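Below: one structure, written as structure tokens.
From a predicted model like this one, the values you see are computed outputs, not experimental measurements. Per chain, numbering begins at 1; letters A, B, ... match sequence-line order.
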Amino acid sequence: MAESMRSSRGPSLTPQLWERFLGGERRACAQVITKVENDPDAVPEIRDRLSGRLGRAIRIGITGPPGVGKSTLTSALARGLADGGNRVGIVAVDPSSPFTGGAFMGDRIRMDALVGDDRVFMRSLASRAGQGGLAPSTAGVADVLEAFGMDRILIETVGVGQAELDVMACADIVVLVLQPSTGDAIQSLKSGIIEAADVVVVNKADLPGVEMLLQSLRFAFSLGAGRPGTNATPILATSAQASEGIGELVAELESQASDLVDSGRHREMRRARLENEIRRAIQTHLWASLERAVGASAKIRRHAEELTLSGGSPYPFIRRACAATQVCQTKEEAWQ
Amino acid sequence: MNEHPIKVVVAKPGLDGHDRGAKVVARALVEAGMEVVYLGLRQTPESIVAAAVEEDADAIGLSVLSGAHMPHFTKVKALMDTEGIGDRLLTGGGIIPTKDQETLSALGVGRLFGPGDDPSTIAEYIKERVYARRAAERN
């Protein structure tokens, strides 16, 4: 396994790089993030190095439809959290083109107020293959920022619709950002993103229609539209541009953060995330073995081509492939 | 070698107040498969280089039409060197006389483009330079 997990791209992770990283050099942090983003083979070594430095930070997801002011709010929040004595990491995800692979990332335009603020480290990520509002490397990048010493990590998703829920798996607290004049009360009764919210923020509260949206949200939540099992999702109004309501939002988030830690739910979330991380890494490894052993992807493509022509069911092939792919049972002790 | 996408920070330093050209070039770079961090108007050399450090950008592209290209490019290049990213490409465009281009080139600034240049030429140039740097780092 060690062979296949060695770094193959770009300069390797030198002891000097780690020294600079641990010494707090921002450029070193940026370089480690680049590795996590671009070189899957380097991830195991990086993860080994980060361990012992993770588990304390609170990760806050900021999600919502395009154009509601997520970046401006994220910037204002970062400042508020930093003023409260936190070091703050920001991971801002913007969409990649499925056609060219390129991405236009404009979040920094809204974060001008953070320029020169050493308490904050901001990184833009293109979503690449991620389909749920985040980049595949988002959690790994947040790990790097936490190990670099950040106390709060803000994860800003791409502008999402109703069902992009990846942020739930990555964040301890999810902030759903909405703005007035975007849909009636029916929208707030639909399942999906609204159930993911730990806090709902109505941003651009200087626009008309804010009272109506607040009322319809309160109504929807009173009918149980929020996260199953919770009955009082807080709803706050802000104007990020005018810095209104930011203090209240920071206070709400900090109070939820200490509740999470005190109740043990923060640890429970970390366990769930670790479970995921382990499962995904093993799945990736098993799939890579299959690729090496039988060229699985190419075979699947060929069968799909044949089935498209013949109109047959895919299951005879699936059954054959599964039956021929037995996991060796003899070394269960290695899993202890 | 499967190259990961090139990351470019695009900015307009100084006070000149329109960024159509910068946006056109940024879009062309996205079309060419690059990940563009767009900083927009009224950036200082400090804010541009700080962003490039955090983003670990492969290249910085500056658009300068105000005539102040000499101080902007010189200052950004100097800051890149002191911040440890002097190996990254600094390029850009504007209306820049050949003599000034030569002076900047001697300081280590990359090729500069003008109004007649096709944006796809800029993308090709950035690709060539960035891939060459990455290849050198691998060896």
Beyond-backbone contact of [X] with [Y], side-chain heavy atoms, under 4.5 angstrom:
X	Y	result
B/Glu35	A/Leu125	no
B/Glu55	A/Arg108	yes
A/Asp39	B/His4	no

Side chain, backbone, both or neither: which part of [X] has an atom under 4.5 Å from a heavy atom of chain B?
X	answer
A/Glu37	side chain
A/Asp94	neither
A/Arg128	side chain
A/Ser97	neither
A/Val32	neither

Give, as side chain, backbone, both or neither, the part of [X] having an atom under 4.5 angstrom from any heavy atom of chain A.
X	value
B/Gln43	side chain
B/Ala51	both
B/Glu46	neither

Hey, which of A/Gly106, A/Ser124, A/Cys29 has the most heavy atom pairs under 4.5 Å with chain B?
-> A/Ser124
Just give me the residue among B/Val53, B/Thr44, B/Val37 that pairs up with chain A most often, heavy atom to heavy atom, under 4.5 Å.
-> B/Val37
Taking every heavy-atom pair that is under 4.5 Å apart, which of B/Ala26, B/Ala135, B/Ala50, B/Gly84 has the most such pairs with chain A?
-> B/Gly84
Any chance you could measure [X], atom [atom1], to [Y], atom [atom2], to the nearest 0.5 Å?
X	Y	atom1	atom2	result
A/Phe104	B/Glu31	CZ	CD	12.0 Å
A/Gln31	B/Ile85	CD	CD1	10.0 Å
A/Asp112	B/Arg42	CG	CZ	9.0 Å
A/Ile109	B/Leu39	CD1	CG	7.5 Å

Indicate yes or no for a side-chain donor-acceptor contact from A/Thr100 to the backbone of B/Val30 under 3.5 Å, with no hydrogens or angles considered.
-> yes
Taking atom CZ of A/Arg79 as the centre, does the number of heavy atoms from other residues, nucleotides or ligands within less than 6.0 Å exceed 12?
-> no
Check the pair A/Arg27 / B/Asp56 against salt bridge (Lys or Arg N to Asp or Glu O under 4.0 Å), numbers first and verdict last.
-> CA-CA 7 Å; A/Arg27 172 158 158 67; B/Asp56 195 17; 3.7 Å; yes
Salt-bridge criterion met for A/Arg26 and B/Glu54 (N-O under 4.0 Å) = yes
B/Lys7 and A/Thr34: CA distance, side-chain angles, deciding distance, side-chain contact (heavy atoms from CB on, under 4.5 Å) verdict | CA-CA 10 Å; B/Lys7 198 169 205 178; A/Thr34 300; over 6 Å; no
Smallest separation among heavy atoms of B/Ser47 and A/Val115, with atom names | CB-CG1, 3.5 Å
